[in-house]
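The residues of the chain are indexed from 1 along the displayed sequence. Counting starts at 1 for both ligands and their atoms, in listed order.
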Amino acid sequence: MSGQPGQGAATRGDETFVSFGEQGAQLTYGSYLRLPQLLDSQHLESDPPAHDELLFITIHQVYELWFKQLLHEVTAARDALLSPPGTGRDRLWWAQHLLARVHVIERTLVQQVDVLETMTPQDFLEFRQRLAPASGFQSVQFRELEFLSGAKDPGYLDRFRGLSDDEQERLRRRLEEPTLWDAFVTALGGAGFDVGDDEQVARALHTVAHDRDSHAALWALAEALLQHDELAASWRARHVVMVERMIGAKSGTGGSSGSTYLRSRLPLQYYPLLWELRSQL
Ligand code: HEM
Ligand SMILES: N[C@@H](CC(=O)c1ccccc1NC=O)C(=O)O
């Protein structure tokens with residue numbers, strides 16, 4: 001019996017290998033995951049190489065991969081909520097299911113800051129000056145996530161410098177398309193509530209909150225949105241404390257005041273009506 005891929009069971013020593021699929025294409029772990037490209041994408045700016053710059057690049061690349069996944073999930077959750085009642089199966093359940101995944105990823109993003117904090121400020125300063133004018137401020141996917149979640153701010157389009165045409169187009173599209181909040185309000189409307197203005201939406205939320213038996217799926221969704229909002233706030237808070245630990249009150253490589261700018265972003269709420277509801281219960 002041969003141990004070649006695609007040729008059934010083979011025995012080597014004590015172990016049995018069962019091969020399946022991909023007889024001709026010879027898919028491998030590395031080719032499937034595009035590892036040659038992925039693992040050749042860490043290029044240091046420092047010369048001679050600063051030891052911690054690899055960690056710095058790796059962390060950011062991992063963040064961007066998760067941002068991509070989050071955009072995939074939040075977009076799908078929004079689209080499920082936008083589809084008219086009766087068209088898709090379990091629309092509200094599916095949206096809630098995806099948002100539960102979003103929460104787990106977001107917790108991972110907050111916890112990941114711990115890894116970067118194993119870098120000391122002195123070791124960061126070895127390569128920091130090489131990074132300007134680049135900064136996390138230029139993360140297009142981060143801003144797409146904010147816009148898609150509900151916090152649209154066209155001002156960011158002008159404040160970004162050095163965006164490619166493709167990146168500008170992505171942001172502009174996110175400004176035009178419905179947000180996760182718009183989709184949630186549509187779902188409220190689909191359940192028979194008047195949602196013409198914020199006052200009506202607030203009243204609908206109040207009704208849902210006080211009759212959870214009748215509106216279980218909508219209440220669960222409202223809670224999932226609030227959780228998403230809270231986790232985004234946790235990331236901002238965690239990030240700014242890390243920044244103060246690394247660079248104190250220095251201004252940022254992106255040209256902002258640094259931690260003062262970041263602290264000004266802390267009060268941001270995606271879903272103020274869901275927070276105000278708490279005061280009305
Ligand atoms: C040594 C670690 C870090 C430091 C010192 C730092 C510092 C800063 C500073 C000072 C800003 C304000 C913009 C500027 O003027 O530069 C900023 C913004 C930002 N950083 Fe970081 N950062 C660090 C790590 C990270 C990591 C790991 C991420 C993950 C992607 C990240 C994402 C962002 C984002 C998205 C913004 C824009 C925030 C907003 O506009 O609300 N940063 N960072
Ligand atoms: N803005 C940071 C530098 C920094 O952290 C950074 C630089 C380039 C690409 C991403 C970064 N991460 C977050 O801002 C600083 O001022 O030290």
Any donor-acceptor pair under 3.5 Å from S31 side chain to L27 backbone
no

Pick whichever of G252, S135, P121, P133 has a heavy atom sitting closest to atom 10 (C) of ligand 1.
G252

Using non-hydrogen atoms of the residue, decide whether M119 is closer than 4.0 angstrom to ligand 1.
yes

Near G255 (heavy-atom distance under 4.0 Å), the atoms of ligand 1 are 15 (O)

Tell me the protein heavy atom at minimum distance from atom 5 (C) of ligand 1, and give that distance in Å.
F124 CE2, 3.7 Å

With a cut-off of under 6.0 Å to the ring centre and 45° to the axis, is R265 in cation-pi contact with F137?
no

Any idea which atoms of ligand 1 are less than 4.0 Å away from a heavy-atom of M246?
1 (C), 5 (C)

Heavy-atom closest contact (L82 atom, P178 atom, distance):
CD1-CG, 3.9 Å

Determine whether the aromatic ring centres of residues W181 and F184 are separated by less than 6.0 angstrom.
yes

Check ligand 2 against L131 and write out every atom of the ligand that is under 4.0 Å from a heavy-atom position of the residue.
7 (C)

Quick one: nearest non-hydrogen protein atom to atom 26 (C) of ligand 1, plus distance?
H60 NE2, 3.2 Å

Under 4.0 Å, heavy atoms only, figure out whether ligand 1 is touched by the backbone of L116, its side chain, both or neither.
side chain

Considering only heavy atoms, does R128 approach ligand 2 within less than 4.0 Å through its side chain, its backbone, both, or neither?
side chain

Would you mind reporting whether H239 and V113 have side-chain heavy atoms less than 4.5 Å apart?
no

Closest approach of any protein heavy atom to atom 3 (C) of ligand 1, naming residue and atom:
M242 CE, 4.0 Å

For W219, look at atom CH2 and say whether over 12 heavy atoms of other residues, nucleotides or ligands are found less than 6.0 Å away.
yes

How about E73 and Q69: does a side-chain donor come under 3.5 Å of a side-chain acceptor?
yes

Where ligand 1 meets I59 - atom numbers and elements under 4.0 angstrom, heavy-atom basis
27 (C)

Any N or O on Y63 sitting closer than 3.5 Å to an N or O of ligand 1?
no

Here the atoms of ligand 2 under 4.0 Å from any heavy atom belonging to T253 are 1 (N), 2 (C), 3 (C), 15 (C), 16 (O), 17 (O)

F137 N/O to ligand 2 N/O under 3.5 Å
no

Distance-only, no hydrogens or angles: does the E199 side chain make a donor-acceptor pair with backbone N or O of V195 under 3.5 Å?
no

Residue G254 vicinity, atoms of ligand 1 by number, heavy atom under 4.0 Å
14 (C), 15 (O), 16 (O)

Going by heavy atoms in the side chains, are R78 and T75 under 4.5 Å from each other?
yes

Do L225 and L180 touch side chain to side chain, with heavy atoms closer than 4.5 Å?
yes

Output the list of atoms in ligand 2 that are nearer than 4.0 Å to some heavy atom of G252, sorted by atom number.
16 (O)

Shared ILVMFWY cluster between L65 and V115, side chains joined below 4.5 angstrom?
no

Heavy-atom pairs closer than 4.0 Å: do any link ligand 1 to the side chain of R143, the backbone, both, or neither?
side chain

Is the number of heavy atoms from other residues, nucleotides or ligands within 6.0 Å of CZ (R278) greater than 12?
yes

For ligand 2, which atoms sit closer than 4.0 Å to a heavy atom of G136?
10 (C), 11 (C), 12 (N), 13 (C), 14 (O)

So do the side chains of L226 and Y271 get within less than 4.5 Å of each other, counting heavy atoms only?
no

Around atom 11 (C) of ligand 1, find the nearest protein heavy atom and jot down its residue, atom name and distance.
L262 CD1, 3.7 Å

Ranked by distance from atom 22 (N) of ligand 1, the top protein heavy atom is H239 NE2, 3.1 Å

Nearest non-hydrogen protein atom, atom 15 (O) of ligand 1:
S256 OG, 2.7 Å

Protein heavy-atom partner closest to atom 41 (O) of ligand 1 - residue, atom, separation in Å:
R265 NE, 2.9 Å

Side chain proximity check, V240 to R236, heavy atoms < 4.5 angstrom
no

re atom 6 (C) of ligand 1, the protein heavy-atom contact at minimum distance is V243 CG2, 3.4 Å

Element-labelled atoms of ligand 1 that are located less than 4.0 Å from some non-hydrogen atom of F142:
35 (C)

When the ring planes of W93 and H97 are compared, do they come out parallel, tilted or perpendicular, using 30° and 60° as the limits?
parallel

Just heavy atoms, cut-off under 4.0 Å: does F56 contact ligand 2 by side chain, backbone, both, or neither?
side chain

For ligand 1, indicate whether the residue W66 contacts it via side chain, backbone, both or neither (heavy-atom separation under 4.0 Å).
neither

Measuring only between side-chain heavy atoms, which start at C-beta, is R170 closer than 4.5 Å to D166?
yes

Counting from 1 in the order shown, the ligand 2 atoms closer than 4.0 Å to a non-hydrogen atom of F124 are 17 (O)

Checking contacts here: is it the side chain or the backbone of F137 that comes within 4.0 Å of ligand 1, counting heavy atoms only? Could be both or neither.
both

Please state which protein non-hydrogen atom is closest to atom 12 (N) of ligand 2 and give its distance, to 0.1 Å?
H60 NE2, 2.7 Å

Mind checking whether E64 contacts ligand 1 via backbone (N, CA, C, O), side chain (CB onward), both or neither, at a 4.0 Å heavy-atom cut-off?
neither

H72 side-chain N/O to K68 backbone N/O, donor-acceptor pair under 3.5 Å:
no

